[in-house]
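One-based numbering, in listed order, for ligands and for the atoms of each. Residue numbers count from 1 along this sequence.
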Amino acid sequence: MNLGTFHDEMLIFGGNYSNLQATEALQAVAAARGIPAQRIICTGDVVAYCAQPEETVCAMRDWGVSVVMGNCEESLGFDSADCGCGFEEGTACAVLSDSWFTYSQRRVSAASKAWMRALPRTLRFQLGHKRFQVVHGGVHAINRFLFASQPDADFRTELNAADADVVLGGHAGMPFARTVAQQTWLNSGVIGMPANEGRADTWYMLLRPDSAGLNVQWERLAYDAQAASAAMHKRGLANAYAEALLSGLWPSMDVLPAAEQAQRGKAIQLAPLTLA
Ligand SMILES: [Fe+2]
């Protein structure tokens, strides 16, 4: 699906993860900045760990922003047996995923599952003179993890598969940028779960064309994490993710490369970037 050409500031985010409070906080940010839904894109995983999957889907549909299908939407929408992250059986990630997936299967309406099934797997648009492609995991594999520390070759393979100057990816849960041979991979981070920094706020990204090129800026989203965690406790999800919303630390690092594991508890530093 091609969204066309834009000339003004765009807001990019991913990973609501059923966190209604974070979703509403981002809606307030967009309203305050005067960014309409037409210039807002979500990289997928609207539903996952937190307490309010159906409410979060409804909030997103009412908002009217563009959404790329995440592995969580694919799995729930098509009634798969699990979340599709590919976690190894018995790992902490797998056990925790069982918990939210079973919970969400019971609470997401047939209409919301139909919405999930109809989501595009990729989006394209142009901003300034840059051509963008939006995906969830890898360009072709919806559940491929790409983290900042991975070798150039991993990004080169993915970027070569894209027909774009810039790829916007999600899934990894952490914000970063990588440029390899004139193409750039950007991850906005996610709004629904902290980035393992030891602080509760989360991340989104702004794209702005200016005279120097394309300005990329990551922003922290402060929201009512206490309410999001309390909602999980109230609905029987008093698990490690309910704690992670407050501590800012992931309950499991099974999916993380060693470099990202070593960053646990440290603030992510992301200076604004200009792509000429
Ligand atoms: Fe994902």
Side-chain angles (χ1 to χ4, degrees), residues 12-19 22-23 26 41-50 52-53 56-57 60 65-88 91-105 108 112-113 115-123 133-148 150 154-155 158 161-162 167-176 178 185-196 202-205 221 240-241 244-245 250-257 260:
I12 315 296
F13 72 101
N16 308 64
Y17 297 157
S18 307
N19 188 331
T23 302
L26 191 69
I41 296 175
C42 172
T43 58
D45 285 354
V46 172
V47 167
Y49 316 107
C50 298
Q52 291 170 276
T56 304
V57 169
M60 291 289 281
V65 301
S66 297
V67 182
V68 161
M69 183 189 287
N71 55 293
C72 297
E73 285 75 61
E74 181 184 55
S75 298
L76 280 166
F78 290 98
D79 287 320
S80 301
D82 60 40
C83 69
C85 275
F87 299 139
E88 286 181 40
T91 61
C93 275
V95 172
L96 285 163
S97 292
D98 275 353
S99 161
W100 75 255
F101 192 77
T102 306
Y103 171 91
S104 301
Q105 277 177 317
V108 172
S112 290
K113 287 183 180 176
W115 175 79
M116 292 177 185
R117 287 194 297 275
L119 290 173
R121 291 171 183 270
T122 191
L123 289 172
Q133 184 171 352
V134 190
V135 298
H136 179 66
V139 170
H140 296 303
I142 195 170
N143 64 350
R144 180 172 190 190
F145 284 107
L146 285 158
F147 291 102
Q150 284 175 234
D154 288 357
F155 287 95
E158 291 292 334
V167 176
L168 305 179
H171 192 51
M174 290 183 174
F176 67 88
R178 282 290 293 275
W185 189 280
L186 297 175
N187 194 315
S188 65
V190 294
I191 62 166
M193 190 61 63
N196 206 25
T202 59
W203 289 93
Y204 62 95
M205 188 171 73
L221 177 68
Y241 285 119
L245 288 176
W250 290 9
S252 163
M253 298 198 292
D254 292 340
V255 301
L256 286 182
E260 276 77 9

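Nearest to the Fe ion (ligand 1), among the N, O or S atoms that H171 has, is ND1. Minimum-distance N/O/S atom of D45 relative to the Fe ion (ligand 1): OD2.
Contact of the R178 side chain with the F147 side chain is not registered, since no non-hydrogen atoms from C-beta on lie closer than 4.5 Å.
Annotation: F13 is not in aromatic contact with Y204 [ring centroid separation under 6.0 Å not met]. Taking the six-membered ring for Trp and the full ring otherwise, Y103 and F101 have centroids separated by 6.0 Å or more.
Salt-bridge check for E73 with R117: failed, with every basic side-chain N at 4.0 Å or more from each acidic carboxylate O.
Within the coordination shell of the Fe ion (ligand 1), defined by N, O or S atoms under 2.8 Å, N143 is absent.
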